[in-house]
Amino acid sequence: MTIQTQSASALARRAHVEALLAAYPDVTPEEHGMLVHYFKREANALDVGMIASNDTIGRGYARFRADHLDRFTWVDLAKGVAGTAVLVLCVGLVMFRAF
C-alpha cells in the first residue's frame with residue numbers, strides 16, 4: 001500500500017479550488033475553466049474526496065458537479081458504442097468457432 005503525502009503547493013491549489021467552489025456559480029470564465037481543468041486533469045481521488053466531504057462548500061460543489069462532471073458527453077456515448085460493438089464481435093466470434 002502506498003501512502004501519499006501532498007505537497008504544500010497541492011494543498012494550496014485545493015484550497016484555491018475550494019474557495020472558488022464556495023463562490024460557484026459567481027466565478028469568472030477563467031476561474032470556471034480552471035475548475036473544469038482541475039477536476040478533469042489534475043485532481044486525484046484524495047483531492048476529490050476531501051473537496052466532496054467539505055460541508056461548507058457542499059452546495060457549490062454539488063452544482064458544479066451536476067453542471068460539468070456528471071453529464072454524459074458524445075465521447076462517453078462513442079466509448080459505450082465502441083465497447084458494445086467489441087463485446088458483440090467477441091461473442092459472435094466465440095459462437096462462430098463453437099460450431
The criterion is ring-ring contact (aromatic ring centres under 6.0 Å, His included); which residues satisfy it with His68, sequence neighbours excluded? His32, Phe64
Got a second to check how far Lys40's NZ is from Leu35's CG, nearest 0.5 Å? 12.0 Å
Is there a side-chain contact between Val86 and Cys90 (heavy atoms, below 4.5 Å)? yes
Among all residues two or more places apart in sequence or in another chain, which pass the side chain to side chain donor-acceptor pair (under 3.5 Å) test with Glu31? Thr28
My understanding is that only residues two or more places apart in sequence, or in another chain, count here; which of them pass ring-ring contact (aromatic ring centres under 6.0 Å, His included) with Tyr61? Phe39
Take Val36 and Arg41, measure what side-chain contact (heavy atoms from CB on, under 4.5 Å) needs, and give me the verdict at the end. CA-CA 8 Å; Val36 171; Arg41 301 284 181 228; over 6 Å; no
Taking the side chain as every heavy atom from C-beta outward, state whether Glu42 and Asp47 have any pair of such atoms under 4.5 Å apart. no
For Val75, side chain to side chain contact (heavy atoms under 4.5 Å, CB included) partners two or more places apart: Thr73, Lys79
For the CG atom on Asp55, are there more than 12 heavy atoms of other groups (residues, nucleotides or ligands in this structure) within a distance under 6.0 Å? no
Hits for salt bridge (charged side-chain N to carboxylate O under 4.0 Å, His left out) against Arg65, two or more places apart or cross-chain, chain-then-number order -> Asp70
Write down the atom of Ile57, the atom of Glu18, and the distance for their closest heavy-atom approach. CG2-O, 3.4 Å
Side chain to side chain contact (heavy atoms under 4.5 Å, CB included) partners of Arg63, counting only residues at least two apart: Tyr24, Pro25, Asp67
So do the side chains of Tyr38 and Arg14 get within less than 4.5 Å of each other, counting heavy atoms only? yes
